[in-house]
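Atoms within each ligand, like the ligands themselves, are counted from 1 in listed order.
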Amino acid sequence: MSSEDKPRGLFNERVIIEAHPLRASGQTTLAKAISLLAAHPEASCILAVYRLRVVGIATRQDIIRALAQNPNGQQIRLSQVVTRPVITVSNAEVTELAPLLEQFERHQISHLPVVDEHQQLIGLIHQNRVWQALHAQGAEAQLCQQYQQVQLFAEITLKIRQSLQLKEILHTTVNEVRRLLQADRALIYQVLPDGTGQTISEAVVAPYPPVLGMAFPEEVFPKEYQTLYAQGRVQAISDVHAPDSGLAECLVEFINQWGIQSKLIVPILHPLKPALSVGSAPLRQHLWGLLIVHQCRSSRQWTDFEVDLMQQLADQISIALSHGQLLEYLEERVKLRTTELTQANDSLQQEIQERTLAEGALRQSEEQLRLITNNMPALIAYVDRHQRYRFNNQVYEYWLGQSPEDIYGLAIKQVVGAAYYQTIRGYIETALAGEEVTYESELTFKDGRCRLMSVTYIPHVDVNGEGAPQVTGFFTLTMDISDRKAIERMKDEFIAVVSHELRTPLTSIHTSLKLMATGRLGHLSADGQQMLEVADENTDRLVRLVNNVLDLQRIESGEVRMDAYTCDAANLIEQAAEAMQTMAQQHEIKIHRQSVPTAIWADPDYIIQTLTNLMGNAIKFSEPGNTISLTVQSDLDSKDNGMALFCVQDYGQGIPPDNLNSIFERFQQVDSSDSRKKGGTGLGLTICRNIIEQHGGEIWAESQMGIGSRFYFTVPRSLTKVS
Ligand code: ADP
């Protein structure tokens, strides 16, 4: 038979059909048939063929049996032994194994010759070959199914891993598991820490009822079951109604409601420790839930492969749970961190806003300060404690040609020069010691004019810092007083001229009035006499005023110089007291004096003038019967710098604290009516101050209202002893 003639059929290629079966004519002897069979050990039968058509078939057993039964068996013809008619199958019918097998079963035969449409033999099928093929086909299908299942498993795993949303993961799992196992229901039952639980995800095919949201009652899902599942127990029940299923009756009743025939349950175990924790301690597992599949339409034998698959899926769910926990943890952390960052950002924004506002306000106030200070006709500056300029107004540039930018940060000495610095150094140190100081000084402007300036240093005391208040620098205010001084000078000169011109006629008037008052020039009426006394009194005051003005002018202008020499302070006190004795008696005041010989370096006349001025005030402002005292001290306290200290004390009306300094200024009186009532001029203390300052001393007053006043002044002591 050529290859073209090869019988065609579905299973030809798989040698279902034996293409060259052993054949012989019906006349062949059994002896010959035996030898043919011996030559072809694979052949299990011989076909009797006549004109290419099968007319009979004899198996090895048929031939052996015939030989055994007949003594001359060897000569028996094959046609006598074969079974006939032979059941054949058309080549066209050989497409599927099952119908072939059915033929073998129906006819109780073991061989089936294959014929073409002309009934001519083209091959032979042996029943065993069909069984073999069927078997091979079955194994392949199983493998194929397993392969598909592995593929599906990989897909599920991927889906589980791709999602971090637990709900979605569980949903995917039950759907895919149901599909994968071709089950009727797949579900996930979550076991809560208190032992209760419920179905949280389900995939079920119609018409079977859903169990989603259902909780298993305790009797069907007792604690012992949970313990077993927690240990990894898997339950695969092929028939829940079978007596060997091991299910309690109540449980069978329960599951009957849901039409369950077979079920497969695997536990989902999950580490107790959070997924994030690190460390080598072994993780304890707890039963998180169950992955369950149901078969409802029939009972089902669960294969090891399926059980294994379910377990692996349960593991994947456990991993997903860890991922979910991780996600939850991370989300919480992110939320927390976001809140923290938002808060930090908010407060930062607020801080920036506040700072911007503060900076704006600062800039504005700085601009305002500059605007004000730049428009003031004075040099205004701030100097730090290291004597460096930290602020200068623009006037520095206008007057001195030094721009604030150039001066900023420079030391005073660098700006004013070493020589000038020496003259003002003492004042700077006084200010930095915390004392306000004012002095007058000459300054040359950039246009070459020499101007007299009044300079004031006001200490900047920091009271906000820690510890004791500290002087951190001082403010300086320098004003041009040249014009004011010139006017003052002119005024003084004018007063001096007027006073001088007034003195001679006044003296003459005064003398005349006094003479008239004696009555030598004739007697006046009582009214005339009274008027004369008033005129005398006023003239007397006017003379005093003129004399005081002239005195002051002469002293201030330096016209008179103090003619200082060594004299005894005690002696001066005596003389002054003597001079004031008459006035004291008139006012009924006692003069008390206390002194020891003290050599001073002074002009005695002017010191006596000072003492009498002060005593005159003390008498004027005391009540009759009071005492005033005069003292001189040579040993001063720790401030002793070689000065003698005089003191004129009274127990009179006292001086208000606000006036203690001003009374030394010209025409300053506590009560403006004093000049009339007490006959004062308001110049006495100014003259005293001038005299004492010209001696290099100081004068000041201390007083308590209603108790009395003390006027102190100092003059230099003399190294020469007084006799
Ligand atoms: P006056 O000639 O007016 O006394 P002074 O210059 O001597 O001028 O004094 C100025 C003012 O000081 C007085 O008018 C008075 O108000 C006040 N004064 C001076 N000494 C005393 C004193 N001892 N007690 C009370 N007030 C005094």
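None of T478, D480, T444 except one satisfies the side chain to side chain donor-acceptor pair (under 3.5 Å) rule with R451; the exception is D480. The only member of N613, V543, I687 that meets side chain to side chain contact (heavy atoms under 4.5 Å, CB included) when paired with N548 is I687.
Only side-chain heavy atoms of I655 come within less than 4.0 Å of ligand 1; its backbone N, CA, C and O stay farther off.
Residue contacts with ligand 1: L685 is placed with a nitrogen or oxygen under 3.5 Å of a nitrogen or oxygen of the ligand (distance criterion only). Every N/O-N/O distance between F711 and ligand 1 stays at or above 3.5 Å. The shortest N or O to N or O distance between T686 and ligand 1 is not under 3.5 Å. Remark: ligand 1 and D650 share an N or O pair separated by less than 3.5 Å (distance only, no angle test).
F664 does not count as a contact of ligand 1, since none of its heavy atoms falls under 4.0 Å from the ligand. At least one heavy atom of T681 sits less than 4.0 Å from an atom of ligand 1. Look at G682 and you'll find a heavy atom under 4.0 Å from some atom of ligand 1.
For the salt bridge (charged side-chain N to carboxylate O under 4.0 Å, His left out) condition, the pairs that include at least one residue of residues 516-537, sequence neighbours left out, are K514-D536. Within the structure, ring pair (Phe, Tyr, Trp, His ring centres under 6.0 Å) pairs that include any residue of residues 693-720 comprise F646-F713, W700-Y712 (at least two apart or interchain).
Here is the list of ligand 1 atoms found below 4.0 Å of a heavy atom in I663: 12 (O). For ligand 1, the atoms closer than 4.0 angstrom to any heavy atom of A618 are 23 (N). Atoms of ligand 1 found under 4.0 Å from any heavy atom of Q668 (numbered from 1 in listed order, with element): 10 (C), 11 (C).
Aromatic ring centroids of Y439 and Y457 lie under 6.0 Å apart.
Side chains of T472 and H460: a donor on one and an acceptor on the other come within 3.5 Å.
With salt bridges taken as basic N to acidic carboxylate O contacts below 4.0 Å, one links R484 and E488. The pair E367-R363 does not meet the salt-bridge criterion, since no charged nitrogen lies less than 4.0 angstrom from a carboxylate oxygen.
Of all the listed residues (N548, N617, V670), N617 holds the heavy atom that lies closest to atom 7 (O) of ligand 1.
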